[in-house]
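A quick write-up on the structure given underneath.
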Amino acid sequence: MGMKKSEKGSKQVMENKRNENKVVGNAASNATIGNDGVFASCSFSSLGLHPSLCDELREKLGFEVPTLVQAQAIPVILAGRHALINAATGTGKTVVYLAPLIHHLQNYDTRIQRSDGTFALVLVPTRELCLQVYEILQKLLHRFHWIVPGYVMGGENRSKEKARLRKGISILIATPGRLLDHLKNTSSFLYTKLRWIIFDEADRILELGFGKDIQEILDLLGSTKAANDNVENKVPRNSKFQRQNLLLSATLNDKVNHLAKISLHNPVMIGLEGKTREPVSTIESIDPSESDEDDEVKYSSKIPTVVDYKIPTQLIQRYVKVPCGSRLAALLSILKHLFERDASQKVVVFFSTCDAVDFHYSLLSEFHFSTDPQTKEGDRQMFLGCRTFRLHGNMEHEDRRSTFQAFKTEKSALLFSTDVSARGLDFPKVRCIIQYDSPGEATEYVHRVGRTARLGERGESLLFLQPAEIDYLQDLEKHGVSLTEYPLLKVLDNFPLYGQNKLAKKSVFIDLHPWVLCLQKALESFIVSKPKMDELARKGFCSWVRAYTAHRGELKRIFMIKKLHLGHVAKSFALKQQPSLVGQSFQKQNKKRKRFEKKSGLSKRRKVPRVT
Ligand SMILES: Nc1ncnc2c1ncn2[C@@H]1O[C@H](COP(=O)(O)OP(=O)(O)OP(=O)(O)O)[C@@H](O)[C@H]1O
């Protein structure tokens with residue numbers, strides 16, 4: 001007896017699912033951990049990648065074997081599945097999505113052409129990450145010259161971008177704002193053959209307030225789940241233009257739920273709870289025919305609100321408890337200690353605001369120091385001998401670009417940055433991360449420290465906390481992150497002080513330590529003597545306090561503006577001025593803000609975006 005059309009259809013769906021499950025199953029078995037816990041004990045070709053691409057991975061990037069997440073995820077992506085991928089920082093997520101794209105695009109029966117337009121879209125939160133992904137893509141496409149890589153991002157020349165889009169870009173890397181701009185205004189931007197949409201650092205894209213843009217982008221591309229279902233109705237299941245969306249980050253949390261819900265279709269979850277989700281049950285538990293409401297319930301249970309973050313196991317994580325007024329002296333002392341211990345290394349220091357970056361960068365570029373008060377100014381040595389860079393969102397686009405490239409290639413250097421460097425950037429050989437201003441959300445802590453200890457390399461991180469902020473450690477503990485204390489007094493004791501014997505230098509209080517007192521005095525004199533520095537310090541102070549008030553939710557309990565002694569904050573910018581003067585101007589601003597909030601009923605919902 002002949003089978004009914006609908007029965008035939010459902011049998012076909014079951015068969016497809018079985019085939020997909022086989023691939024996902026293979027992925028799990030491929031992902032056996034190698035001896036080092038970072039790489040898998042298999043080859044790239046065993047994952048199903050084309051031999052030429054495997055050669056390219058080896059020759060152009062020096063990748064011999066896949067990392068664990070690559071071994072888990074590449075077969076899943078090659079099979080055409082939507083996926084949500086969570087793996088620790090520095091474990092090779094970029095190649096997780098780039099390799100399958102290239103594999104498929106170079107495999108088309110008829111070679112793709114520029115006039116076909118865009119096949120794949122990679123969305124990233126920052127310009128630097130955009131460039132970084134583009135550079136890797138360029139290398140990987142060396143022998144596949146007919147696949148054209150390109151990028152569009154804020155700060156670039158729109159007309160030039162339009163011209164490139166008109167010619168055709170096969171794989172496009174983009175920041176959301178600029179992409180939306182082109183989707184609306186560049187009529188020659190062709191994306192009718194778009195097959196992949198990838199969100200790298202998905203949670204950050206949403207946190208930066210791009211949620212609306214993303215919704216609009218997905219709508220314009222017809223790639224929301226609803227639209228996707230429609231596409232599936234029209235396009236045969238094995239069509240090469242069927243959509244496949246991927247979300248990746250080291251910290252996929254509840255914020256990604258909505259994006260996953262609207263953009264992923266029957267996804268495979270990789271790396272949540274530390275292992276590949278049981279492939280068969282994952283696939284069978286999310287039925288594409290189920291309603292959105294049901295999906296939401298399921299996603300929420302898949303991406304828990306409180307998750308243990310994955311931190312590279314070899315990373316040494318410490319905190320240092322420093323009274324507010326001694327923060328600057330402590331930071332400079334620790335940096336001096338680090339570079340004296342090893343002159344050839346890279347260190348990144350994170351600050352909460354662009355102004356704070358500018359102040360500290362200028363200070364260290366100019367500050368000369370001697371513990372002997374008799375030493376003439378011209379004879380004093382630079383406090384730190386290493387090259388110093390700065391990176392933040394208020395810099396000129398070209399400066400940002402050149403700093404990013406320069407810090408990448410330097411062997412020994414110090415980078416002062418806002419969170420613009422916290423996500424995805426792969427600066428080789430960074431040895432230490434210092435979080436001078438606390439990161440706020442635990443997710444940001446994870447990404448900041450993730451700039452070191454990448455791919456099994458050693459690394460250390462140091463979090464500055466004031467005594468009143470020490471509860472922040474508990475907040476990190478909730479996510480399985482625990483830190484040990486840094487022996488600051490021991491480090492301070494080791495600095496030579498002119499005319500004092502070793503015993504006299506010791507102090508049990510950081511703020512009374514003779515080295516700290518001597519350094520603080522020199523810093524304050526330096527600032528007073530340079531009007532430009534004084535101005536930078538004041539600006540830095542004001543924006544720092546403003547950023548401190550912007551901590552949200554639970555964190556407000558830990559970072560309480562009321563507990564701050566503004567005079568001590570001023571001291572941490574080496575300002576000698578009457579703290580009340582600086583404080584008053586802030587308090588006026590604060591009162592004005594509160595009045596405004598009260599009037600407009602905003603006080604509960606206020607969310608101050610950070611300029612990074
Ligand atoms: N299979 C591999 N073999 C050797 N090196 C690799 C391999 N895969 C990736 N790498 C290198 O590992 C580093 C980290 O890779 P990548 O930047 O993709 O990590 P990530 O997981 O995206 O990190 P983050 O979460 O910080 O964005 C890079 O320097 C990259 O070149």
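Ligands are counted one by one from 1 in listed order, and the atoms in each one are counted from 1 as well.
- Those atoms of ligand 1 that come under 4.0 Å of a heavy atom in T91, given as number and element, are 19 (O), 20 (P), 21 (O).
- The aromatic rings of F351 and F416 stand perpendicular to each other, their planes meeting at an angle above 60°, with 30° marking the opposite boundary.
- Nearest to atom 21 (O) of ligand 1 among the protein's heavy atoms is K93 NZ, 2.8 Å.
- The heavy atom nearest to atom 30 (C) of ligand 1, out of those in F63, F39, F427, is found in F63.
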Kindly determine whether R448 and V348 satisfy side-chain contact (heavy atoms from CB on, under 4.5 Å), including the steps that lead there.
CA-CA 9 Å; R448 283 173 166 193; V348 181; over 6 Å; no

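- Below 3.5 Å of separation, one finds an N or O of E201 facing an N or O of ligand 1.
- Residue R423 places every heavy atom at 4.0 Å or more from ligand 1.
- Taking the centre and axis of the six-membered ring of F407, the NZ or CZ atom of K346 falls inside the cone set by 45° and 6.0 Å.
- Between A547 and T353 the shortest heavy-atom distance is CB-CG2, 3.6 Å.
- Checking E469 against Y319 by side-chain atom types alone, no donor-acceptor pair falls below 3.5 Å.
- If you look at H447 next to ligand 1, there are no close heavy atoms at all, none under 4.0 Å.
- For the ligand labelled ligand 1, residue G90 lies inside the 4.0 Å heavy-atom shell.
- Ligand 1 is never approached by I136 to a heavy-atom distance shorter than 4.0 Å.
- Across every non-hydrogen atom of L246 and L264, the tightest pair is N-CD2, 4.2 Å.
- Salt-bridge annotation for E396 and R401: absent, with no side-chain N of the basic residue lying under 4.0 Å from a carboxylate O of the acidic one.
- Counting heavy atoms under 4.0 Å from ligand 1, residue A88 touches it through the backbone alone.
- Not a single heavy atom of E64 sits under 4.0 Å from any atom of ligand 1.
- Using cut-offs of 30° and 60° on the angle between ring planes, the pair F44 and F63 is parallel.
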Between Q405 and E410, does the side-chain hydrogen bond (donor to acceptor under 3.5 Å, both in side chains) criterion hold? Intermediate values first, please.
CA-CA 9 Å; Q405 295 298 356; E410 280 290 333; over 6 Å; no

Q314 and R458: side-chain hydrogen bond (donor to acceptor under 3.5 Å, both in side chains), yes or no, with the steps?
CA-CA 6 Å; Q314 76 283 14; R458 68 199 174 116; over 6 Å; no

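- Inclusion of Q70 in the set of residues having an N or O under 3.5 Å from an N or O of ligand 1 is warranted.
- Under 4.0 Å from ligand 1, the heavy atoms of V65 that appear belong solely to its backbone.
- Residue F44 touches ligand 1 through its side chain alone, judged by heavy-atom distances below 4.0 Å.
- Shown here for L391 and V357, the closest heavy-atom pair between the two residues is N-CG1, 4.4 Å.
- Residue contacts with ligand 1: L61 is excluded, as none of its non-hydrogen atoms falls under 4.0 Å.
- For atom 12 (O) of ligand 1, the nearest protein heavy atom (residue, atom name, distance) is L455 CD2, 3.5 Å.
- Against a heavy-atom cut-off of under 4.0 Å, R451 is close to the following atoms of ligand 1: 26 (O).
- Here the protein heavy atom with the shortest distance to atom 29 (O) of ligand 1 is D426 OD2, 2.5 Å.
- Between R178 and D213, no side-chain nitrogen of the basic residue sits less than 4.0 Å from a carboxylate oxygen of the acidic one, so the salt-bridge criterion is not met.
- At the top of the distance list for atom 17 (O) of ligand 1, counting protein heavy atoms only, stands R454 NH2, 2.9 Å.
- G92 N, 3.1 Å is the protein heavy atom nearest to atom 19 (O) of ligand 1.
- Of the listed options T94, L248, D200, T94 places a heavy atom closest to atom 18 (O) of ligand 1.
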